[in-house]
Amino acid sequence: MTAPRWIIHLPTTLTSLDAAITLAAALRDSLGHVTAIDFGETTLSEEDQQFLRTRIWCDAELEGPGRCRRCDDHDGPCGATDESRRR
């Protein structure tokens, strides 16, 4: 049996989805070397609607090492290059 994984909920003072995505990307870029953090599974939610989560990154496996760093709903092929999510 596999041990359960734990989720760290990290509230912010941010008031827009774009700002929250920018912060998540900055955390991923600065803490990406920490293997205990699975940034590919990062989701965002509004404070009072935590059951409605927005997935940020595609995270599909790439040929060779690495995972897709493009936004979850991207067009075209997966890739290791990050792209900004714009609404």
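Nothing here was measured: the structure is a model prediction, and the numbers come from that model.
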Heavy-atom pair with the smallest gap, counting every atom of [X] and [Y]:
X: His74; Y: Cys78; result: NE2-SG, 3.5 Å
X: Arg70; Y: Gly76; result: NH1-C, 4.0 Å
X: Leu62; Y: Cys68; result: CG-N, 3.7 Å
X: Gln50; Y: Glu47; result: NE2-O, 3.1 Å

* Spell out, as yes or no, whether a donor-acceptor pair under 3.5 Å connects the side chain of Arg55 to the backbone of Asp73. => no
Taking only distance into account, with no hydrogens and no angle test, what donor-acceptor pairs under 3.5 Å do side-chain atoms of residues 24-43 form with protein atoms, sequence neighbours excluded?
from: Arg28; atom 1: NH2; to: Asp82; atom 2: OD1; distance (Å): 3.4
from: Arg28; atom 1: NH2; to: Asp82; atom 2: OD2; distance (Å): 2.4
from: Asp29; atom 1: OD1; to: Arg69; atom 2: NH2; distance (Å): 2.9
from: Ser30; atom 1: OG; to: Ala26; atom 2: O; distance (Å): 3.0
from: Ser30; atom 1: OG; to: Leu27; atom 2: O; distance (Å): 3.4
from: Asp38; atom 1: OD1; to: Gly40; atom 2: N; distance (Å): 3.4
from: Thr42; atom 1: OG1; to: Phe39; atom 2: O; distance (Å): 2.7

* **Counterpart residues, side-chain hydrogen bond (donor to acceptor under 3.5 Å, both in side chains), relative to Arg67 (two or more places apart)** => Asp59
* Structure fact -> To the nearest 0.5 Å, atom OG1 of Thr54 lies from atom CD of Glu46 at 8.0 Å
* To do: Quick one: pull up OG1 in Thr22 and CG in Leu17 and give me the separation to the nearest 0.5 Å.
  => 9.0 Å
Identify every side-chain donor-acceptor pair in residues 7-16 under 3.5 Å, counting partners at least two apart or on other chains, and give the distances.
from: Thr12; atom 1: OG1; to: Leu14; atom 2: N; distance (Å): 3.2
from: Ser16; atom 1: OG; to: Ala19; atom 2: N; distance (Å): 3.1

